Amino acid sequence: MSETDIAAFKPKSDFIRVMQERGYIHQCSDLEALDKAAGEGVITAYVGYDATASSLHIGSLISIMMMRRMQQTGHRPLPLMGGGTTKVGDPSDKDSQRPLLTNEQIATNIAGIKTVFDRFLRFDDSATGAFIEDNARWLDKLGYVDFLREYGVHFTINRMLTFDSVKRRLEREQPLTFLEFNYMLMQATDFLELNRLYGASLQMGGSDQWGNIINGVELIRRMDGKQAFALTTPLLTTASGAKMGKTVSGAVWLNADLMSPYDYWQFWRNTEDADVGRFLKLFTDLPLDEIARLEALQGADINEAKKVLADEATALLHGDDAARAARATSEQAFAGNALEADLPTVHVLDFVFGGGFSNTQVAIAAGFAPSNTAARKLIGNGGLRINGEKQDDPEKLVDPAQLSADKTFVVSSGKKKLIIKVGRD
RNA sequence: GGGGGAAUGUCCCGAGCGGCAAAGGGGGCGGACUGUAAAUCCGCUGGCAUAGCCUUCGCAGGUUCGAGUCCUGCUUCCCCCA
């Protein structure tokens with residue numbers, strides 16, 4: 001079903017209607033039938049997460065929100081941890097094979113990832129209560145020959161070679177190991193297994209997972225003669241085309257130990273104008289009419305909408321208190337009168353300073369530049385400020401008169417800002 | 001087993017007649033403009049005691065005044081034949 005069909009489709013079920021009007025649907029294997037099934041009873045849907053890191057990042061958030069919507073509209077989400085598939089490695093979206101993770105690493109990663117789901121989903125014994133499964137449970141005990149006879153017969157090499165993930169590797173002349181080549185079979189068996197165990201009839205995922213998901217749908221049809229569904233979300237990019245989820249410091253992680261609630265709040269606060277409405281629909285629970293009002297704001301006013309987006313998204317992940325604190329911190333920081341006590345402090349020994357502390361040395365001490373050469377270049381570009389004053393001479397020494405009463409001065413470069421304190425205490 | 005290609009600035013892609021600190025992108029960083037946005041423009045993106053010196057082109061040798069560039073061997077990867 002093409003995208004235009006999806007836009008024109010008139011859903012009867014709450015689930016599909018919400019998914020559609022909030023912009024979660026990219027492709028669906030049989031939207032009409034899925035809509036009908038969702039209208040008749042509780043659907044169990046799963047989304048798989050491989051345990052390649054100790055936390056999920058923002059790329060997974062859209063699928064987590066989908067599961068949240070499911071529960072809100074009376075269905076049952078089932079996050080699947082890829083304890084088994086992670087040992088193999090998904091060839092999608094990667095140029096080359098990752099180093100293989102050990103069982104211990106995988107177990108650690110799964111523990112880290114699980115903590116996030118509690119925030120978004122309700123786990124209980126009710127008909128729509130979520131629960132977490134791990135595909136290591138069935139994949140680990142499959143014998144090789146059994147695996148080949150049971151599932152291998154349903155897949156042709158001819159077709160596997162047509163998949164994007166495979167084609168891309170071959171075209172770029174990057175190796176694709178036989179191990180990875182099996183990933184799609186394993187994901188297909190996951191779907192079959194979950195369908196048999198829990199009646200999971202829908203698998204959701206990012207658009208890059210379409211091929212893998214469809215394999216599962218077909219496997220269920222071939223082996224059990226039952227219909228199952230595939231539903232994928234659009235790949236999230238910003239309005240200017242960049243892949244979403246990158247910041248100066250790298251990936252946007254969901255776990256607080258990898259990215260603080262404040263940084264998470266800032267990430268959303270810095271959303272591009274053109275993305276605000278779309279993100280509000282996808283990543284907050286706000287009603288659509290409220291979102292329509294917010295995204296209609298023009299010019300600088302749209303910053304208000306961004307703050308709402310940041311508040312809501314942060315509250316969902318880290319809780320109301322953390323969101324409020326993040327907002328307060330940011331308002332202080334950007335009001336211009338940032339509390340200097342909150343800035344990181346670097347200490348410099350008295351005698352070093354007494355010996356003459358040049359701007360170049362300041363830039364290095366502050367961590368703005370890794371070498372003298374780099375520091376000189378940075379300063380030459382006007383990239384160093386002391387107490388707000390732009391410095392342009394790399395050799396100029398810091399004037400003791402610039403020190404405040406407690407022997408500190410503030411240095412900044414771009415967004416980076418910190419305090420240098422002379423002496424130790 | 002035979003034949004043919006490839007490996008470049010440690011972020012990535014990528015040009016490179018024997019004089020090369022090495023073109024060009026992307027990304028990143030800084031600056032200007034702004035609304036903590038986007039777009040745009042400018043600068044930087046080996047090191048140092050900076051008119052100079054030192055260290056870089058898969059690894060190890062060799063030829064040469066001089067090698068990323070030529071030769072030999074090795075490693076890894078791709079392609080074709082068997």
Side-chain angles (χ1 to χ4, degrees), chain A residues 93-99 161 166-178 180 237-252 260-280 294-311 313-314 326-338 342-343 355-356 358-364 366-386 388-395 411-418:
Chain A
D93 195 43
K94 289 200 299 289
D95 290 338
S96 54
Q97 192 178 6
R98 279 175 190 266
L161 291 176
V166 174
K167 265 197 303 192
R168 194 165 37 234
R169 286 280 185 91
L170 297 182
E171 278 164 11
R172 300 193 55 167
E173 299 189 348
Q174 298 281 351
L176 172 70
T177 64
F178 183 66
E180 295 172 280
T237 55
T238 67
S240 48
K243 234 184 218 167
M244 186 181 163
K246 285 286 184 174
T247 68
V248 277
S249 46
V252 178
S260 71
Y262 172 71
D263 287 331
Y264 190 75
W265 193 93
Q266 280 296 327
F267 167 76
W268 292 107
R269 170 63 184 80
N270 287 326
T271 298
E272 292 179 32
D273 289 6
D275 289 325
V276 173
R278 196 158 55 100
F279 289 178
L280 280 166
L294 287 169
E295 80 179 313
L297 294 172
Q298 292 297 313
D301 288 340
I302 199 156
N303 285 334
E304 284 312 308
K306 293 182 190 180
K307 287 178 195 170
V308 174
L309 172 63
D311 283 346
T314 306
R327 179 169 189 157
T329 305
S330 104
E331 277 171 358
Q332 246 169 7
F334 288 94
N337 56 359
D342 289 344
L343 292 174
S358 71
N359 283 336
T360 301
Q361 290 170 297
V362 169
I364 291 174
F368 298 157
S371 67
N372 286 338
T373 307
R376 289 199 191 96
K377 285 170 176 166
L378 178 74
I379 294 166
N381 278 331
L384 177 73
R385 283 168 206 270
I386 291 182
E389 273 178 57
K390 188 182 285 188
Q391 303 296 312
D392 50 16
D393 181 359
E395 307 307 330
V411 294
S412 56
S413 175
K415 293 159 201 136
K416 300 180 283 285
K417 187 174 192 179
L418 51 78

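Predicted model only: the values in this text are computed from it and were never measured. All chains are named by letter (A, B, ...) in the order of the sequence lines, taking the proteins before the strands, and each is independently numbered beginning at 1.
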(message) Can you say whether a donor on the side chain of A/D273 sits under 3.5 Å from an acceptor on the base of B/G35, or the other way round?
(response) yes
(message) Measuring from the side chain of A/R376 (C-beta onward, heavy atoms only), which nucleotide among B/A49, B/G30, B/A32 has the closest atom?
(response) B/A49
(message) Taking B/G16 as the reference, what is the distance to B/A21 when you measure between their C1' atoms (whole Å, please)?
(response) 14 Å
(message) Looking at B/A15, which nucleotide sits across from it as a Watson-Crick or G-U wobble partner, both distances under 3.5 angstrom, or is there none?
(response) none
(message) Can you see if the side chain of A/T271 gets near the phosphate of B/A37 - specifically, an N or O under 4.0 Å from OP1 or OP2?
(response) no
(request) Would you name the heavy atoms of A/A363 and A/L378 that are closest together and state the gap between them? (result) CB-CD2, 4.5 Å
(message) Using every non-hydrogen atom in the two residues, find where A/A375 and A/I364 come nearest and quote the distance to one decimal.
(response) CB-CG1, 4.0 Å
(request) Rounded off to whole Å, could you give me the CG-to-P distance for the A/N270 and B/A38 pair? (result) 7 Å
(message) Base, sugar-phosphate or nothing for A/K416? Non-hydrogen atoms, less than 4.0 Å.
(response) sugar-phosphate
(request) To the nearest 0.5 Å, tell me how far A/L418 CG sits from A/F368 CZ. (result) 4.5 Å
(request) From the options B/G47, B/G35, B/G30, select the nucleotide whose nearest atom is closest to the side chain of A/S413. (result) B/G30
(request) Classify the nucleic acid contact of A/N372 as base, sugar-phosphate or nothing, counting any heavy atom under 4.0 Å across all strands shown. (result) sugar-phosphate
(request) Any strand is fair game: report the nucleotide pairing with B/C48 by Watson-Crick or G-U wobble, both distances under 3.5 Å, or none. (result) B/G52
(message) When the C1' atoms of B/A7 and B/C13 are compared, how many Å lie between them, rounded to an integer?
(response) 14 Å
(message) Going by the glycosidic torsion and a 90 degree boundary from 0, is the base of B/C20 oriented syn or anti?
(response) syn
(message) What is the separation between atom CG on A/D301 and atom C1' on B/A37, rounded to the nearest whole Å?
(response) 14 Å
(message) Looking only at the side chain of A/K306 (C-beta and beyond, no hydrogens), which of the listed nucleotides B/U36, B/U50, B/G35 gets closest?
(response) B/G35
(message) Rounded to whole Å, please give me the gap between CD1 in A/I379 and C1' in B/G31.
(response) 14 Å
(request) Pick the C1' atom in B/G46 and in B/U55, then give their distance to the nearest Å. (result) 8 Å
(request) Give, for atom CG of A/D263 and atom CZ of A/R269, the distance between the pair rounded to the nearest 0.5 Å. (result) 14.5 Å
(request) Whole angstrom is fine here: how far is it from CZ in A/F368 over to C1' in B/U45? (result) 18 Å
(request) Look up atom CG in A/D393 and atom OG1 in A/T360, then write down how far apart they are to the nearest 0.5 Å. (result) 8.0 Å
(message) Please compare A/A300 and A/A374 by the position of their nearest nucleotide in RNA chain B and report the one closer to 5'.
(response) A/A300
(request) May I ask you to say what A/G380 touches in the nucleic acid, namely base, sugar-phosphate or nothing, with a heavy-atom cut-off under 4.0 Å? (result) nothing
(message) Of the options B/U45, B/G43, B/U50, whose atoms approach the side-chain atoms of A/K377 most closely?
(response) B/U45
(request) Find the distance A/W265:CH2 to B/A37:C1' and express it as a whole number of Å. (result) 13 Å
(message) I need the CG-C1' distance between A/D275 and B/A39, as an integer number of Å.
(response) 14 Å
(request) With P as the reference atom in both, quote the distance from B/A15 to B/U56 in angstrom, rounded to an integer. (result) 24 Å
(request) Test for a donor-acceptor pair under 3.5 Å between the base of B/G31 and the side chain of A/N381, counting only N and O atoms. (result) no
(request) Rounded to whole angstrom, note down the C1' distance from B/G58 over to B/C41. (result) 40 Å
(request) Return the nearest nucleotide to the side chain of A/I302; candidates are B/G35, B/A37, B/G30. (result) B/G35
(request) Searching all strands shown, indicate the nucleotide that pairs with B/C41 (Watson-Crick or G-U wobble; both distances under 3.5 Å). (result) B/G31
(message) Please pick, from B/A32, B/C44, B/A37, the nucleotide with the shortest atom-to-atom distance to any side-chain atom of A/K390.
(response) B/A32
(request) To the nearest 0.5 angstrom, please state how far the OG atom of A/S412 sits from the CG atom of A/L384. (result) 7.5 Å
(message) Between B/C57 and B/A22, how far apart are the two C1' atoms, rounded to whole Å?
(response) 9 Å
(request) Identify the nucleotide, in any strand shown, that forms a Watson-Crick or G-U wobble pair with B/G61, with both distances under 3.5 Å; if there is none, say none. (result) B/C71
(request) Assign each of A/G383 and A/K307 to its nearest nucleotide of RNA chain B by heavy atoms, then name whichever residue's nucleotide is nearer the 5' end. (result) A/G383
(message) Taking only the P atom of each, what is the distance from B/U69 to B/C17 in whole angstrom?
(response) 12 Å
(request) Would you give the length of the straight line joining atom CD of A/Q266 to atom OG1 of A/T314, rounded to the nearest 0.5 angstrom? (result) 9.5 Å
(request) Please tell me if the side chains of A/D301 and A/E304 come closer than 4.5 Å, counting only heavy atoms from C-beta onward. (result) no
(request) Round to the nearest Å and state the distance from A/R385 atom CZ to B/G31 atom P. (result) 6 Å
(message) For the P atoms, the ones on B/G61 and on B/G68, what distance do you get once it is rounded to whole angstrom?
(response) 15 Å
(request) Give the rounded distance in Å between these two atoms: CD of A/Q298 and C1' of B/A38. (result) 14 Å
(message) Over all strands shown, is A/T373 touching base, sugar-phosphate only, or nothing at heavy-atom distances under 4.0 angstrom?
(response) base
